[in-house]
Trainee: 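To start, I am sharing the structure in question, which I have written as structure tokens.
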Amino acid sequence: MKRITIYPLIWLLLIGFTSAVSAQESTYKKKPGYWTLGLNGGFAYQQSDVPTRFDGFGLGLTLGKNLYYAPNAPFSFSARGRLLYSRTYGLDDAQSFGLQFNDALNGTNGVDYTQAGGGPGFVYQNHKTDLGELGLEGVLTFNQLRERTGVILSLYGGLGLDLYKTKLDQLDGVLPYNDGYTSLNPQGSRSSIRNQLKENILDGVYETDAHSYEDGARLSVMPSLGFELGYQLTPSFSMGLGHRITWARHDLLDGQQWNDNNTLTGDNDIHHYTSLHMRWDINKRERPLELPQITIIDPSYNPYTAPNPNASVRARIKNVSSAMDVSATLNGYTLPF
């Protein structure tokens, strides 16, 4: 059975809305079409067959382009690209006997924990998974809430092209951990077994490829959903917290997909990323308004006395968009030009 590890994030909402209670009317209005640049970092972990460890991490970069914004509108919408790198760890406290079809541990690729290969017939599963993602997301932001309180609440979803590599720590140098694994009491407490594995048995070197492929890396398209809660600190800078869930759509992220009876678990792995972000808004710059400049070319001097009633006047006018923006009058009457 897959062990589910989900961390409550309700406290993130409480932080934001507590700030909103005391906030005043915001002047943080924007210009449509603005860009955003963001940096983020935090804790990454998996919801998978192997229980997670608490030392995973992630680092990322986002670049967004506003597609819809209007002052006082309830929502705004942006498209956003994401670069993400994460590393997740897992360590099981239970013996895993499903080795028959596990090529990483049944001798197919050299490491053999089966009884036929001289092993105890079980392992304690562990993994280190490195994942890199290039993704595209749509971001829906509660714009009116941001303008009135400074609180930024966003929901987003998208697709990512993910390259991941999963390694196992199942060799002490070149030898399996047979003696170490058999020395553990499987009836002991979960924390005791995990501590003994980390401190006395495993060497922390993840040398074994979890899957049968040459370079140890696989490419997959993965959908994701997430939310962010932050605060607009200045007109162009904000900070916040968020959580992102990515569905692998397969059971390979943690390197373990077999039940003890050598049947597939049937549970797909899920990647979680809880992060702190900093974000800068890059607003479109508007040219400063310049007054029209009118230079009379003909007649070339002032004052001028016309020899007859039908005189011509020529002028050069700068800082106007078109002739439609120019009018001419004589004694209050509009003249064609």
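Just so you know, these numbers come straight off a predicted model, no measurement behind them. All residue numbers refer to positions in the sequence shown, counting from 1. The figures that follow rest on heavy atoms only: side chains count, while hydrogens, waters and symmetry mates do not.
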Trainee: Name each donor-acceptor pair under 3.5 Å that joins a side chain in residues 115-125 to protein atoms two or more places apart or in another chain, with its distance.
Mentor:
from, atom 1, to, atom 2, distance (Å)
Gln125, NE2, Ser96, OG, 3.3
Gln125, NE2, Gln256, OE1, 3.2

Trainee: Flag yes if Leu39 and Trp35 sit in one hydrophobic cluster, no otherwise; membership is Ile, Leu, Val, Met, Phe, Trp, Tyr, and two members link when side-chain heavy atoms are under 4.5 Å apart.
Mentor: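 Per the 4.5 Å side-chain linkage, Leu39 and Trp35 are co-clustered.
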
Trainee: Using links of under 4.5 Å between side-chain heavy atoms of ILVMFWY residues, direct or through other members, which residues join Val174 in one cluster?
Mentor: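 Besides Val174, the cluster holds Leu175.
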
Trainee: If you take all heavy atoms of Gly58 and Tyr273, which pair is closest and at what distance?
Mentor: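 Smallest interatomic distance, heavy atoms only, reads O-OH, 3.4 Å.
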
Trainee: Give a yes or no on whether Leu264 and Leu253 share a hydrophobic cluster (residues Ile, Leu, Val, Met, Phe, Trp, Tyr; joining criterion: side-chain heavy atoms under 4.5 Å apart).
Mentor: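 No; Leu253 is not reachable from Leu264 via cluster members.
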
Trainee: Run the side chain to side chain contact (heavy atoms under 4.5 Å, CB included) test against Asn308 and tell me which residues pass, sequence neighbours left out.
Mentor: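 Once residues adjacent in sequence are excluded, the partners of Asn308 under the side chain to side chain contact (heavy atoms under 4.5 Å, CB included) criterion are Asn310.
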
Trainee: To the nearest 0.5 angstrom, please state how far the OG atom of Ser48 sits from the CG atom of Leu252.
Mentor: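 That separation rounds to 11.5 Å.
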
Trainee: Please name all residues satisfying side-chain hydrogen bond (donor to acceptor under 3.5 Å, both in side chains) with Tyr113, sequence neighbours left out, ordered by chain then number.
Mentor: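 By the side-chain hydrogen bond (donor to acceptor under 3.5 Å, both in side chains) rule, Tyr113 matches no residue at all.
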
Trainee: Leu171 and Leu99: same hydrophobic cluster, using ILVMFWY side-chain contacts below 4.5 Å?
Mentor: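 Yes; Leu99 is reachable from Leu171 via cluster members.
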
Trainee: Hey, what do you get for CG (Leu163) to CG (Asp130), rounding to the nearest 0.5 Å?
Mentor: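 Atom-to-atom, Leu163:CG and Asp130:CG are 10.0 Å apart.
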
Trainee: Please name all residues satisfying ring-ring contact (aromatic ring centres under 6.0 Å, His included) with Tyr85, sequence neighbours left out, ordered by chain then number.
Mentor: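 Per chain and number, Tyr85 pairs via ring-ring contact (aromatic ring centres under 6.0 Å, His included) with no residue.
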
Trainee: Quick one: list whatever passes side chain to side chain contact (heavy atoms under 4.5 Å, CB included) with Thr234, sequence neighbours left out.
Mentor: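 Residues passing side chain to side chain contact (heavy atoms under 4.5 Å, CB included) with Thr234: Ser236, Phe237.
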
Trainee: Out of the candidates Leu225, Asp269, Asn268, only one should pair with Trp247 under the side-chain contact (heavy atoms from CB on, under 4.5 Å) rule; please name it.
Mentor: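 Only one of Leu225, Asp269, Asn268 forms a side-chain contact (heavy atoms from CB on, under 4.5 Å) with Trp247, namely Leu225.
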
Trainee: So, using side-chain hydrogen bond (donor to acceptor under 3.5 Å, both in side chains) as the criterion, who are the partners of Glu137 when residues are at least two apart?
Mentor: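 side-chain hydrogen bond (donor to acceptor under 3.5 Å, both in side chains) list for Glu137, sorted by chain: Arg80, Arg82, Arg244.
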
Trainee: Measure from the ring center of Phe43 to the ring center of His243 and say whether it is less than 6.0 Å.
Mentor: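 No, they do not, as the ring centres are separated by 6.0 Å or more.
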
Trainee: Holding to side chain to side chain contact (heavy atoms under 4.5 Å, CB included), I want the full list of residues that pass it with Asp112, two or more places apart in sequence or in another chain.
Mentor: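 Applying side chain to side chain contact (heavy atoms under 4.5 Å, CB included) to Asp112 gives Thr114.
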
Trainee: Just to verify, what does Thr36 make a side chain to side chain contact (heavy atoms under 4.5 Å, CB included) with, not counting sequence neighbours?
Mentor: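 Once residues adjacent in sequence are excluded, the partners of Thr36 under the side chain to side chain contact (heavy atoms under 4.5 Å, CB included) criterion are Tyr34, Arg279, Asp281.
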
Trainee: What residue among His272, Arg53, His127 forms side-chain contact (heavy atoms from CB on, under 4.5 Å) with Gln46?
Mentor: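 The residue from His272, Arg53, His127 that satisfies side-chain contact (heavy atoms from CB on, under 4.5 Å) with Gln46 turns out to be His127.
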
Trainee: What do you reckon, are the aromatic ring centroids of Phe77 and Phe75 less than 6.0 Å apart?
Mentor: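 No, they do not, as the ring centres are separated by 6.0 Å or more.
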
Trainee: Under the rule for ring-ring contact (aromatic ring centres under 6.0 Å, His included), what residues qualify as partners of Tyr304, not counting sequence neighbours?
Mentor: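 Only Tyr301 meet the ring-ring contact (aromatic ring centres under 6.0 Å, His included) criterion with Tyr304.
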
Trainee: Just how far is it from atom CG of Asp93 to atom OG of Ser192, taken to the nearest 0.5 Å?
Mentor: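 Reported value, rounded in 0.5 Å steps: 10.0 Å.
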
Trainee: Hey, are Arg314 and Asp298 close enough for a salt bridge, meaning a charged N less than 4.0 Å from a carboxylate O?
Mentor: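 Answer for the salt bridge query: no.
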
Trainee: With a 4.5 Å cut-off on side-chain heavy atoms, are Lys198 and Leu91 touching?
Mentor: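 The answer is yes, as the side chains (C-beta and beyond) meet within the 4.5 Å cut-off.
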
Trainee: Quick one: do Trp280 and Leu233 end up in the same hydrophobic cluster if we chain Ile, Leu, Val, Met, Phe, Trp and Tyr together by side-chain heavy atoms under 4.5 Å apart?
Mentor: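 In one cluster: yes.
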
Trainee: Running the 4.5 Å side-chain criterion over Ile, Leu, Val, Met, Phe, Trp and Tyr, what cluster does Tyr89 land in, apart from itself?
Mentor: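 So far as hydrophobic clustering goes, Tyr89 is joined with Tyr206.
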
Trainee: Members other than Leu330 in its cluster, when Ile, Leu, Val, Met, Phe, Trp, Tyr link by side-chain heavy atoms under 4.5 Å?
Mentor: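 Other cluster members: Leu335.
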
